[in-house]
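Working notes, beginning with the structure itself.
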Amino acid sequence: MVFVDGVRTPFGKAGSKGQYAQTRADDMVVKVIRELLRRHPELPAERIDEVAIAATTQIGDQGLTIGRTAALLAGLPKSVPGFAIDRMCAGAMTAVTTVSSGIAFGAYDVVIAGGVEHMGNHPMGEGADPNPRFVSDKIVDPSALVMGSTAENLHDRYPSLTKERTDAYAALSQQRYEEAQKAGKISPDLVPVSTRSDEGWGLATTDEPPRPGTTVETLAGLKTPFRPHGRVTPGNAAGLNDGATGALLADAETAKELGLPIGMRLVGYSFAGVEPEVMGVGPVPATEKALKRAGLTIDDIGLFEINEAFAVQVLAFLEHFGIADDDPRVNPWGGAIACGHPLASSGVRLMTQLSRHFEEHPEVRYGITTMCIGIGMGGTVIWENPNYNAGGEQ
C-alpha cells in the first residue's frame with residue numbers, strides 16, 4: 001500500500017469565537033475530499049473504492065455514517081461506498097490502517113481515508129454514558145476518563161519528566177511550527193474553507209491555535225487546571241480544536257497505472273493497550289510491537305511524527321527510546337501543541353507531514369507516525385521513503 005497524498009483544513013480553536021463556530025463538520029470533510037480530487041485529476045472519481053472517515057463523537061453533523069454522507073455531499077459517484085470509524089485520537093490513523101489492510105487483501109485499489117472533529121460543536125464525551133462499573137468495579141482509575149488527569153499521572157510515574165522539561169518542549173514546538181510556516185512548509189497542505197459568522201462570510205486559510213513568540217518564561221506561570229500545583233497547563237498540551245484531514249491511499253500497481261505520485265510506502269503498524277490512567281505512554285509499546293513485527297529497531301527510524309496531545313507524553317516516548325528532547329528528527333515542523341489536535345483527524349496530519357519530510361530527506365529510509373489514544377492505547381505506523389537513496393547515510 002502507498003500513501004499518495006494528504007491534505008487538511010486549517011485547524012481552528014473550538015468554541016463560539018473560533019473560526020469554524022458556524023461551520024459544519026461534514027462540510028469540512030467535503031472540502032478535503034474535493035481538494036484531493038482537484039489535486040489529482042488523473043484519478044477518475046469512480047475508481048475510488050471506499051471513503052473511511054473517523055470521528056470521535058459520532059453524533060449531529062459528525063454522525064450518520066459520515067464516510068458515506070460526506071462522499072455523497074462531495075459529489076462522488078453514488079457507487080462509491082463509505083463508513084465511519086472511531087478510535088478516539090487515532091481515528092484517522094485507524095481509518096488508514098483499516099483500509100490499507102483492505103488494499104493488501106485485494107479488496108480495494110484506491111481509497112480516501114481521514115478524520116474530522118468539531119470540538120466546538122461536540123466536546124469529547126458529549127452524549128456518552130460510561131458504564132458505572134468502570135469505577136465501581138475498579139476497572140479503571142477515575143482519572144482515566146479525564147485526559148488531562150492522565151497526563152498528570154504520567155508526570156507522577158516518571159519524576160524525571162519535570163514541568164520545566166515539558167514547557168521547554170512546548171516552546172520548541174511553537175518555535176518549529178513558526179519557522180516552518182514562515183518557510184512556506186505548512187500552507188501547501190491546507191485547503192481554504194469558507195466560514196460563516198455573525199459578521200458574514202470569511203475564509204479560513206491558516207491554523208488558528210499557534211502562539212508565535214512563545215517562550216519558556218511565558219509558559220511558566222500558566223494555571224494547572226487538572227490538579228492544584230500540577231504540571232499540565234494549556235501551554236504544554238494541545239488545545240480544543242476543530243478540523244478535518246484526508247488522504248489518498250492506493251495499491252502500488254494502481255498508483256503506477258493511474259500515474260499517481262507515491263509519497264511513502266506502508267511497512268507495518270501496531271496498536272497496543274496500556275493502563276487507561278496513563279494513556280500517554282501508549283506509543284511506547286505500540287512502537288516496540290510495530291518495530292518487532294517489521295524486523296526493525298528504533299535505530300532504523302530516521303524521522304518521527306509524534307502527536308503532541310501533551311508534552312509529557314512525547315517526552316515519555318523520547319526518554320524510553322533514548323532520544324533527546326530536542327532531537328531534530330522529531331516533529332521537525334512542530335506539532336499539535338502549536339497547530340492543534342482535532343482528535344480523530346490528527347493521524348493523517350502526521351502522515352501528510354512525514355511524507356513531506358521524506359521528500360526533503362532522501363538519506364532517511366524509514367519514519368514513523370505515532371500517537372497516544374484515550375482509554376489507554378497507542379498506535380504506530382511505520383513508513384518507507386520512496387525517495388531513499390541507498391548510497392546515502394541514515
Side-chain angles (χ1 to χ4, degrees), residues 1-7 26 29-30 32-37 39-55 58 63-88 90-116 244-272 286 289-290 293-294 344-345 347-348 350-352 354-355 369 373 377 379-384 386:
M1 192 286 295
V2 298
F3 181 98
V4 173
D5 198 5
V7 297
D26 49 10
V29 180
V30 166
V32 298
I33 293 174
R34 288 179 173 171
E35 180 66 8
L36 287 168
L37 289 170
R39 293 188 183 198
H40 297 283
E42 68 273 24
L43 172 64
E46 62 271 15
R47 291 294 299 271
I48 298 170
D49 293 312
E50 189 75 272
V51 177
I53 301 297
Q58 296 192 5
L64 206 62
T65 313
I66 193 169
R68 172 61 171 170
T69 52
L72 292 172
L73 290 165
L76 294 184
K78 292 181 174 61
S79 58
V80 178
F83 66 94
I85 199 164
D86 169 30
R87 201 198 292 260
M88 297 193 78
M93 176 178 281
T94 305
V96 168
T97 57
T98 299
V99 296
S100 295
S101 300
I103 291 172
F105 192 75
Y108 307 132
D109 292 329
V110 183
V111 178
I112 290 176
V116 64
T245 61
L248 267 179
L249 312 168
D251 168 75
E253 291 183 6
T254 303
K256 185 177 180 180
E257 172 204 338
L258 296 174
L260 293 167
I262 296 176
M264 50 189 185
R265 300 185 185 94
L266 180 67
V267 175
Y269 66 87
S270 286
F271 293 91
K289 192 175 176 183
R293 289 184 170 181
S345 70
V348 163
L350 302 177
M351 295 172 189
T352 302
L354 181 61
S355 71
T369 52
I373 309 166
M377 293 180 284
T380 297
V381 188
I382 304 174
W383 302 92
E384 185 176 18

| query | How many angstroms lie between atom CE of Met93 and atom CE of Met351, to the nearest 0.5 angstrom? | reply | 4.5 Å
| said: List the residues meeting side-chain hydrogen bond (donor to acceptor under 3.5 Å, both in side chains) with Ser101, not counting sequence neighbours, and say none if there are none. | reply: Tyr269
| query | Are any non-hydrogen side-chain atoms of Tyr108 and Asp251 less than 4.5 angstrom apart? | reply | no
| said: Between the side chains of Glu257 and Arg47, is the shortest nitrogen-to-carboxylate-oxygen separation below 4.0 Å, so that they form an ion pair? | reply: yes
| said: For His40 versus Leu248, what's the shortest heavy-atom pair and its separation? | reply: CD2-CD1, 3.7 Å
| request: Please examine the side chains of Phe83 and Glu50, heavy atoms only from C-beta on, and report whether any two atoms are closer than 4.5 Å. | output: yes
| query | Can you find a pair of side-chain heavy atoms, one from Val51 and one from Val111, that are under 4.5 Å apart? | reply | no
| said: Would you say that Asp86 contacts Gln58 through its side chain, given a criterion of any heavy-atom pair below 4.5 Å between the two side chains? | reply: yes
| remark: Residue set satisfying side-chain contact (heavy atoms from CB on, under 4.5 Å) with Thr94, at least two apart, ordered chain then number -> Ile85, Arg87, Ala90, Thr97, Thr98, Phe271
| Closest heavy-atom contact between Pro386 and Gly263? | CD-O, 3.3 Å
| task | Could you tell me whether Glu253 atom CD has more than 12 heavy atoms of other residues or ligands within 6.0 Å of it? | result | no
| field | The single option from Ile33, Leu36, Leu37, Asp109 passing side-chain contact (heavy atoms from CB on, under 4.5 Å) against Ile48 | value | Leu37
| Do any N or O atoms from the side chain of Thr369 and from the backbone of Leu350 form a donor-acceptor pair under 3.5 angstrom? | no
| field | Separation between CD1 of Ile53 and OG1 of Thr69, rounded to the nearest 0.5 Å | value | 9.5 Å
| request: Can you sort out the partners of Glu35 under salt bridge (charged side-chain N to carboxylate O under 4.0 Å, His left out), two or more places apart, ordered by chain and number? | output: Arg38, Arg39
| said: Distance check, rounded to the nearest 0.5 Å: Leu73 atom CG versus Arg34 atom CZ? | reply: 8.0 Å
| query | Which distance, rounded to the nearest 0.5 Å, do you find between the CH2 of Trp383 and the CG of Leu354? | reply | 8.5 Å
| Do Ser100 side-chain atoms and Val96 backbone N/O form a donor-acceptor pair below 3.5 Å? | yes
| Under 4.5 Å between any side-chain heavy atoms of Leu249 and Ile103, yes or no? | yes
